[in-house]
Amino acid sequence: MMAIRLPRILQVKQNILRGSSAAKDVRKGYVAVYVGEEEKKRFVIPVSYLNQPSFRKLLSKAEEEFGFQHPMGGLTIPCREDIFIDLTSSLKDN
């Protein structure tokens, strides 16, 4: 398993906020992500999720597939929407 270091997470966040006009409608402390294998759906999640081990696995998968050049202009996570919703729901409970 590949670990993502904090500087990489910060780089992703900076790239998202700098490069996306859609980022303007995201409240401070949150980040927009695009989720899906085929069709992408936009979700706005707390930045704190980026530090959670289970979420880092998704970030590793995104890094492997897209690097830091995300086709949607924001962080794109290549997983099924239902899996993403289950994961973020479990993080809300923590």
Side-chain angles (χ1 to χ4, degrees):
M1 178 172 68
M2 176 185 267
I4 295 180
R5 289 170 273 177
L6 185 59
R8 283 193 176 169
I9 292 171
L10 294 176
Q11 181 183 4
V12 168
K13 180 182 172 190
Q14 288 171 349
N15 287 346
I16 291 167
L17 296 178
R18 188 177 333 121
S20 175
S21 61
K24 294 177 183 172
D25 67 344
V26 177
R27 295 185 314 174
K28 184 175 181 175
Y30 289 78
V31 64
V33 297
Y34 296 87
V35 178
E37 293 175 321
E38 297 292 322
E39 186 176 327
K40 309 291 188 236
K41 184 172 179 181
R42 184 175 187 257
F43 290 87
V44 178
I45 60 167
V47 172
S48 62
Y49 286 7
L50 299 176
N51 293 323
Q52 299 298 320
S54 54
F55 201 85
R56 286 182 180 207
K57 289 179 186 179
L58 290 180
L59 292 177
S60 291
K61 186 176 179 182
E63 181 183 13
E64 288 171 14
E65 186 160 330
F66 300 112
F68 291 111
Q69 301 300 316
H70 295 272
M72 300 294 292
L75 179 59
T76 305
I77 299 176
C79 77
R80 292 190 347 235
E81 187 178 326
D82 61 324
I83 292 171
F84 181 80
I85 291 170
D86 287 345
L87 173 66
T88 55
S89 293
S90 71
L91 294 175
K92 286 179 189 175
D93 296 335
N94 291 334

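Residue numbers run from 1 in the order of the sequence given.
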To the nearest 0.5 Å, tell me how far Leu50 CG sits from Arg56 CZ.
-> 9.0 Å
Residue pair Arg80 / Val35: nearest heavy atoms and the distance that separates them = O-CG1, 4.2 Å
Indicate the atoms forming the closest heavy-atom contact of Phe84 with Cys79, along with that distance.
-> CB-SG, 3.9 Å
Could you state the interatomic distance from CG (Asp82) to CG (Leu87), rounded to the nearest 0.5 Å?
-> 11.5 Å
Nearest heavy atoms of Ile45 and Val33, plus distance in Å = CD1-CG1, 4.1 Å
Donor-acceptor pair, side chain of Lys61 and main chain of Pro78, under 3.5 angstrom = yes
Nearest heavy-atom pair of Val31 and Val26: which atoms, and what distance?
-> N-CG1, 3.8 Å
Taken to the nearest 0.5 Å, the spacing of Tyr49 OH from Lys92 NZ works out to 5.5 Å
Among Ile77, Ile85, Thr88, whose side-chain contact (heavy atoms from CB on, under 4.5 Å) with Phe43 holds?
-> Ile85
Of all heavy-atom pairs between Thr76 and Lys40, which one has the smallest distance, and what is that distance?
-> CG2-CE, 3.5 Å
All salt bridge (charged side-chain N to carboxylate O under 4.0 Å, His left out) counterparts of Glu37, not counting sequence neighbours | none
Separation between CG of Leu75 and CG of Leu59, rounded to the nearest 0.5 Å | 6.0 Å
